[in-house]
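Comments concern the structure below.
Just so we're on the same page: letters track the sequence lines, and every chain starts at 1.
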Protein chains: 2
Amino acid sequence: MRLNELDERIVQALAEDARRSYADIGAQVGLSAPAVKRRVDRLRAEGAITGFTVRVDPAALGWETEGYVEMFCRHNTSPRDIRHALSRYPEVASASTVTGDADALVQIFASDMRHFERVLERIAGEPFVERTKSVLVLSPLLRRYTATTPDTPA
Amino acid sequence: MRLNELDERIVQALAEDARRSYADIGAQVGLSAPAVKRRVDRLRAEGAITGFTVRVDPAALGWETEGYVEMFCRHNTSPRDIRHALSRYPEVASASTVTGDADALVQIFASDMRHFERVLERIAGEPFVERTKSVLVLSPLLRRYTATTPDTPA
DNA sequence: CGTGAAAGTAAGGTCAG
DNA sequence: CTGACCTTACTTTCACG
């Protein structure tokens, strides 16, 4: 699955605006429209591009409060356990296991502070969670592109 | 900027697949294609939808190393300064000012550890940065984004 | 908000380098 | 094997009821 520089520029163009026409993108990267399409199709088939989505302003949807929660778990907790538990929270936007003191870092969107607190308490109450430490987002500065997980880690 | 239940279903449909046709979405939510378009146009004008983008698999693009960096800045540093500085790093996927000890939390994708370290050093070398603390992502557990918008704090 | 017609865009096949 | 051209079909878009 090798991507060359042309592919990267196409992905970058799509990341900025996924609704640009192939002809438009082709003009920017120096290809014809069908050539761009063929590359995009290949990128999708290879899994480099996993889909198309919208950028949404969470506040407009009533998601006003954002925060990150560090989870400290019991020592025998597997990533799969964490993932399984967190997947039941619609408020969890992303989660990863990380190096350092904490075991996992969880990004949360809630409608307001009360909602955020409620979610936090429920997460802290999960059987494998020993404690949590959270920070609230004051203002989002940058949000560039959307990544995905096709996989289920071991 | 009020969104009703119909708008939310349209946004949800677009979040899953932003390339679905208006007719398709309309069939799902019970509207005609032009009606869906009118609502999407309005959502874009209101800022609820800020754009269309691709979901990419970072690993497939050679972005194998992911991490979060806490930035500790000088006390007179404004969010705008941070945003301006970080926007020049293509490796920065997202950044927010946060409560707690650190001033900002920055998500970074790099091609490998060496690359990550180089970016980290450059960020740490920014004039307003006093120190940084970073954690590496071991395995992504969830990435549910409906990704969101930047924009421009005071 | 739904229906129709016009324009633009995408998709597939075919050919050339 | 990769890129360009052409034709067909679809989606988007606007005017109107």
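- Classification of B/Arg143 and B/Glu66 as a salt-bridged pair holds, one side-chain N sitting under 4.0 Å from a carboxylate O.
- In this entry the distance linking CG of B/Asp24 with C1' of D/dC10 reads 12 Å, nearest Å.
- Regarding A/Leu6, its CG atom lies at a distance of 18 Å from the P atom of D/dC1, rounded to whole Å.
- Side-chain contact check for B/Glu126 and B/Tyr89: at least one donor-acceptor pair (N or O, by modelled atom type) lies under 3.5 Å.
- If you take CG of B/Leu31 and C1' of C/dG2, they are 10 Å apart, rounded to a whole angstrom.
- Rounded to an integer number of Å, the gap from A/Ile25 CD1 to C/dA11 P is 12 Å.
- Comparing the axis of the opening five pairs of the helix from C/dC1-D/dG17 to C/dG17-D/dC1 with that of the closing five pairs yields an angle of 30°, rounded to 10°.
- The backbone N or O of B/Leu136 sits less than 3.5 Å from a side-chain atom of A/Thr99, completing a donor-acceptor pair.
- Atom C1' of nucleotide C/dT9 and atom CZ of B/Arg19 are separated by 11 Å, given to the nearest angstrom.
- For A/Pro34, whose side chain is taken as the heavy atoms from C-beta onward, the closest listed nucleotide among C/dG2, C/dG12, D/dG3 is C/dG12.
- A salt bridge does not link A/Lys133 with A/Asp101: none of the charged nitrogens is closer than 4.0 Å to a carboxylate oxygen.
- Residues B/Gln28 and B/Arg9 approach most closely at O-NH2, 3.0 Å, considering heavy atoms.
- If you check D/dT2, C/dG4, D/dT12 against the side chain of A/Arg39, the one that comes closest is D/dT2.
- The side chain of B/Arg38 has C/dC1 as its nearest neighbour among C/dC1, D/dT11, C/dT3.
- Rounded to a whole Å, the CG atom of A/Asp41 is 14 Å from the C1' atom of D/dT2.
- In this view, B/Arg38 satisfies the side chain to side chain donor-acceptor pair (under 3.5 Å) rule with no residue, not counting sequence neighbours.
- Each of A/Arg20 and B/Ala35 was matched to the nucleotide of DNA chain C holding its nearest heavy atom; the match closer to the 5' end belongs to B/Ala35.
- For A/Lys37, taking side-chain heavy atoms from C-beta onward, the closest of the listed nucleotides C/dG12, C/dG2, D/dT11 is C/dG12.
- Rounded to whole angstrom, the span from the CZ atom of B/Phe52 across to the P atom of C/dT9 amounts to 16 Å.
- A donor-acceptor distance shorter than 3.5 angstrom exists from the side chain of A/Arg55 to the backbone of A/Glu16, with no hydrogens or angles considered.
- Rounded to a whole Å, the OH atom of B/Tyr22 is 15 Å from the P atom of C/dC1.
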